[in-house]
Structure formats: C-alpha cells, structure tokens
Protein chains: 2
Amino acid sequence: MTPSSGQNAQADRPHTGRRRNERVREAILAAAMDLLAHSDGTPVTVDTIARAAGVGKQTIYRWWPSKGAVFLDALSERAATVAPEVDTGALAGDLEAFVTATFTGAAAPETAPVLRSLAREAAHDRHLAGMMSEFTAARRAALRDILERAGRRGELAGDADLDLMVDQVYGVLWYRLILDHAPLTADVAVRLARTLVAASAAR
Amino acid sequence: MTPSSGQNAQADRPHTGRRRNERVREAILAAAMDLLAHSDGTPVTVDTIARAAGVGKQTIYRWWPSKGAVFLDALSERAATVAPEVDTGALAGDLEAFVTATFTGAAAPETAPVLRSLAREAAHDRHLAGMMSEFTAARRAALRDILERAGRRGELAGDADLDLMVDQVYGVLWYRLILDHAPLTADVAVRLARTLVAASAAR
DNA sequence: CTCTTGCCGAGACTTTTGGTCTCGACATGA
DNA sequence: TCATGTCGAGACCAAAAGTCTCGGCAAGAG
C-alpha cells in the first residue's frame, strides 16, 4: 500500500522517456541461445551473455528476474517447434505424430543443449524452476488432451491411467535427454507410442 | 614421473602417524544425510555440513573430492534399499517386484529429498555427475537383466526394445521424483510393470 | 618414553558467479 | 527544452566451493 496520491500513481501516469529498445532484447536472447547451444559444458554466465550481446548486465536484470528466465524466454521464442495439435481421428495416429514431433524437436542439435542447460539452471534457480513447472505442466496437458479425446471415442480401457501414460512419454524424453545414454529418435518415439496404445487399448 | 628415489617413495613407505578416525567419517555422512533429508529447499552447503558434524571443512575435502561425492557416499551407505534381485520365474512377477521396490524405495520420505538434492548437485558438479552416471547405469543394467532373462525364456516379442522399457521405468521414476506432480506409489509401479509386460509379450 | 608422521578442528583466504547499485550518455515524447 | 526512463559500463556485494595454514594431538616406531 502506502499510496502517494490518487489511487495508483504508476498505473495512471502514461509512459514517458526513452522506450525499450527491441533490438537489445533480441540481441540478448540470441546471445543466450547461441552460447547455450555451443556451450562445451561450461556453464553460461550472465557476464558472458552481456558481453556477447554487447549489453550492460543491468539491462538484462531490468527485464528478466534471473538468468534462467532469460534462457526460458529465449527457448520459448523458438518453441514454434511445439508439437502440432494434430487430430487424425485415431489414437495411434495422434500419439505417434505428437511423440515423434516432441522427441525429434527436443533432440534436435540446436535445442537439446538448451534444454539440458535449462534443466541445470532450474536446479539452482527458484524462479526458473517455477517457470519450468508451468512449462512442463502445459506440455503434459497437451498430451493428455489427445488421450482424453481417445477415451471419449472409447478407444481406451476404462482403467487406463492417462497421467502415467503422459509421464512415460516425458519421463523417457527428459531421462534420455539429460543422461544422454540412448537416442531420442523418431524410431524410438514410434515404438513408445505403439507401446502405449497397445497397453491401454479397450478390451 | 619425477621420481624422487627408488620407485615410488609414497607407496613403499608404510603408513605412520595418526590414522583416519572412522567416527569422523560417520559423523560427516550422517550430518549430510540429515541435512539433505530435512532441507527446506535451501541448498545444503559444505560449511553447514562441517558445522553440523562438528568437523573442519578441510577434513571433508581431505577424503572426498567434492560436496556431491559426500552426498553420493552417504546415499550409497544406506542404499541397502537397492532392489532385491528376485527371480519368480516369470517376467510379470519379477518386474512388478523390482519396480515396486524401486519406486517405493525412492519415494520414501527419508530418501526422496536426498535423491532430489543429489540430482540438483549433479547439475553443477562434474565429479558427481560422472558418479551418478555410473550409478544410474548400474541400476538400468539390473533391470535389463530381468528383461533379458525373460527374453531367454521366450516371454518377449522378438522386436521388443529392452532399453526403451528400462528407460520407461527410470524415466517415470526420476520425472515424478523431481517434478513432484504425481505420486510414486506401489500402485503406480504395478500399473507400469503390467503395461510393459502387456506391450512386450511374445505374440 | 620420545619422536616423527599425519589426522583433526578452526578459520582465514581465494575465486567464481549471481545479482545490485551508480553513473554519465542519450533517446523520447510532452 | 526538459523530465523521464533506457542504455552500456563497471564497481560493488554476498554466497558458496574449494584451498591453505596453523596449533593440537593421536598413533605407531624405535
């Protein structure tokens, strides 16, 4: 509270002064993505990003609450890679398309290191961890929609555990993405999708 | 390289002087586990561990290469919780027992926070990340053994992807453990085990 | 017993990094 | 023309990992 005068001096007064420079924003996000993608395992620091973008550190912190938030923003920017909301009319088709798009999108050489770094940062950044939670929840919801649609068509067994199915997909995705001990190819995606369909089909 | 005299002065000379105090080792591991288990999200620092164990920081670094190594050691100590190498003679039984033991063991209130913290630390600790890699690889191998045994008994379809099955188990485990958005109960474990069996059964 | 060796607790110190603060320059619109 | 708010630059602060040093002391060798 502690109002100065009127109701809300900040909201009422129109914006004056110099405006935000869009070029700067783009430069920061681009530099962040670039450093993340080409990082040789060494963590990407804020100073490095600022230096690479030719920007003051304060300019970064003026617009993003934490380093991780920049990463997430940078990723979301190019996340037109999001799974296409297909609807083939049958679970098998929908699921195979979704999982394949998700897996190959995540494993792509320009996104995989970003996701890995994002996960690393989230481990020590409360802000980012929260954002990642929302992000992953949204992705789960999208997949769950596909399954529920199939359920309404009567394609699923009555006792099928949709949440478990969803987590099987994203569990394998992140587990392999981070441990990097096995591939995340379209082939694997199709296999996994078929596994899920086979195990949950209405009897 | 750079030998002083003879072959290896260090290895030849028998150990003299004060010996390592086992009590100290135990105190450090116990303090680490305790702080990890009761951590309210705030990261556990080395100073905190040393303080809690009534120990000098150097004493920790004398015996462990990094903070994460202490955590891993502490966990391994109590990891008699490892899945029991059962052999019921059939895939369904073996898998259900293994996955249930693994899930409930990992989700137990005294181990879950430790695993979470371990994952967090591994994100920024090269040493620990390597150790975790070995650790998880060993767990995967144990599960894979069960599946291969079933394969030799002819219980699996010829084109079953054992690695994918393994990763579905550990993927769901870690994904739910870390995101904490859904439970890791025995019920879920059994469902998952049955799903895998159903989808991979020999046709 | 006594002496050397090496562990122990304590804490100062170094380095890295995320994040804040301040400053002079300058763009923007009233 | 002038208040407002952004910009780059860099000093500054705080937290935490890891190193170094020191006095004390336990354990075995002689």
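The structure presented is a predicted model; accordingly, all values stated were derived computationally and were not measured. Within every chain, numbering begins at 1; the chains are lettered A, B, ... in the order of the sequence lines, protein sequences first and strands thereafter. Keep in mind that the numbers below use all heavy atoms, side chains included, and drop hydrogens, waters and symmetry copies.
Contact annotation: the side chain of L179(B) never approaches that of M132(A) to less than 4.5 Å [non-hydrogen atoms, C-beta and beyond]. Between E121(A) and F71(A), the closest side-chain pair of non-hydrogen atoms falls below 4.5 Å. Side-chain contact between Y170(B) and T102(B): present, with at least one pair of heavy atoms (C-beta onward) separated by less than 4.5 Å.
We find that NZ of K67(B) is positioned 14 Å from P of dT19(D), with the value rounded to whole Å. One can place CG of D47(A) at 10 Å from C1' of dT16(C), the figure rounded to the nearest angstrom. R120(B) has its CZ atom 12 Å from the P atom of dA16(D), to the nearest Å.
Within 6.0 Å of atom CZ in R51(A), 12 or fewer heavy atoms from other residues, nucleotides or ligands are found, so the atom counts as exposed in its surroundings. Under a cut-off of 6.0 angstrom, the local environment of CZ in R20(B) is crowded, with over 12 non-hydrogen atoms contributed by other residues, nucleotides or ligands.
The pair D145(A)-R149(A) does not meet the salt-bridge criterion, since no charged nitrogen lies less than 4.0 angstrom from a carboxylate oxygen. Between R23(A) and E26(A), no side-chain nitrogen of the basic residue sits less than 4.0 Å from a carboxylate oxygen of the acidic one, so the salt-bridge criterion is not met.
Heavy atoms of W63(A) sit under 4.0 angstrom from primed sugar atoms or phosphate atoms, though from no base atom.
Stem analysis of DNA chain C (Watson-Crick or G-U pairs, both distances under 3.5 Å, runs of at least three) returns C:1-30 with D:1-30.
Donor-acceptor pairing under 3.5 Å is lacking for the side chains of D163(B) and H181(A).
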Taking N or O atoms only and anything under 3.5 Å, show me the protein contacts with nucleotides 8-15 of chain D, one pair per line.
from: dG8(D); atom 1: OP1; to: G54(A); atom 2: O; distance (Å): 3.3
from: dG8(D); atom 1: OP2; to: T59(A); atom 2: OG1; distance (Å): 3.0

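Looking at T48(B), its side chain never comes within 3.5 Å of a backbone N or O of V44(B) through a donor-acceptor pair.
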Nucleotide by nucleotide, nucleotides 23-30 of chain C touches protein heavy atoms under 4.0 Å in the pattern (B base, S sugar-phosphate only, - none) ---BBBS-
Could you go step by step and tell me if W174(B) and I178(A) meet the side chain to side chain contact (heavy atoms under 4.5 Å, CB included) rule? CA-CA 11 Å; W174(B) 282 102; I178(A) 289 174; over 6 Å; no
